[in-house]
Amino acid sequence: MVAKLKDMNFFSPDLQRYTEQHTSPESPLLKKLDRETNLKALYPKMISGHLQGRLLSMFSNMIRPHRILEIGTYTGYSAICLAEGLAPEGKIITIDINQELQEIVKSYLNEAQISEQVECILGDAMKVIPKLEGCFDLVYLDADKTNYSKYYDLIIDRVEVGGYILADNVLWYGKVLSNDLDKLDKETRAIKKFNKKVLEDPRVKNVLLPVRDGLMILRKTV
Ligand code: SAH
Ligand code: CA
C-alpha cells in the first residue's frame, strides 16, 4: 500500500514513535534547529530530523570520512549530523542554491563549533561540483530529485573505491510504485530512473533502506 503523501514514512505512526523513542535523542542544538526550520523555512518537511539524522551520524561514525560532499544543505541539519563522524582534520563541503537559508546555516554551524570543518558553497550544484577538486569518501545526495542521475554521473568518479554515496528520498512518498510512466510527475520518473541506474551499475553495491522516505546506500567497489 502506498503511504499517505504527508506521512513521509511507511510505518504506522505508533511504530515510528517507538522507533524514535528507542533511538539516541537528538542534541538540544539539533532540536532547536528543527524547531527554527519549522518556524522560518519553506517546506520544513525536507529536514532530515531525529531518526534520519541519527542514522546519518551513525553511518558517518562507521565510515570516519575525511572528505564529505553534501548536495543540498537546506538549514544544515544533515551537515551537522554528518560532521559528527568526521575523521580528525576531516572536512565537509555542502552545496545549496538557496541563499535565504544561509544565515540559519551559518549560525548553527557556528553554535555547533564546526564552522572550520564545513565549507558552504552557494550555487547550483550542477555547476559547482565539476569545479571541486579532489575525491570524497562520503557523498550525501539530497538536492533536486530530477537531477539525481546527473549528480550521480558527476560524482561517481570522485568517490574513492570503498567510499559511499547516500541518496535520500528514493521512495519519493511511495510514488515509485506506480508504473504508469505517462502520468508520473518528473521527480518520480527521475527517482525511478536513478534507482534502476544504480542497481545496474557494476561499479557499486547498493541497499535501498526503507527508512523514512527511502535512503539508497551505495558503496563503490571498483
Ligand atoms: N539535506 C537537508 C535537506 C535538503 S532539502 C537535510 O537533511 O536537512 C533540498 C535542498 O536542495 C534545498 O535546500 C534546495 O535549496 C537545494 N537544492 C535544490 N536544487 C539545487 C541545486 N540545483 N543546487 C544546489 N542545491 C539545490
Ligand atoms: Ca531529504
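Order of listing sets the numbers, starting from 1, for every ligand and every atom in it.
Counting only residues at least two apart or in different chains, salt bridge (Lys or Arg N to Asp or Glu O under 4.0 Å) contacts with residues 114-127 are absent. Within the structure, salt bridge (Lys or Arg N to Asp or Glu O under 4.0 Å) pairs that include any residue of residues 91-101 do not occur (at least two apart or interchain).
By the 4.5 Å heavy-atom criterion applied to side chains, Thr94 and Val118 are counted as neighbours. Looking at Ile165 and Met216, their side chains never come closer than 4.5 Å, going by heavy atoms from C-beta outward. For the pair Val139 and Tyr152, the minimum side-chain heavy-atom distance is 4.5 Å or more. For the pair Val204/Thr221, no side-chain contact is recorded, criterion being any heavy-atom separation below 4.5 Å from C-beta on. For the pair Leu166 and Leu56, the minimum side-chain heavy-atom distance is below 4.5 Å.
Listed by chain and number, Met46, Ile47, Ser48, Glu70, Gly72, Thr73, Tyr74, Tyr77, Ser78, Asp96, Ile97, Asn98, Gly123, Asp124, Ala125, Tyr140, Asp142, Ala143, Asp144, Tyr151 each place a non-hydrogen atom less than 4.0 angstrom from ligand 1.
For the residue pair Asp144/Tyr151, the side-chain donor-acceptor check at 3.5 Å is satisfied.
Cation-pi geometry between Arg158 and Phe136 is not met: the NZ or CZ atom fails to fall both under 6.0 Å from the ring centre and inside 45° of the normal.
Around the Ca ion (ligand 2), protein atoms of type N, O or S found under 3.0 Å number 4.
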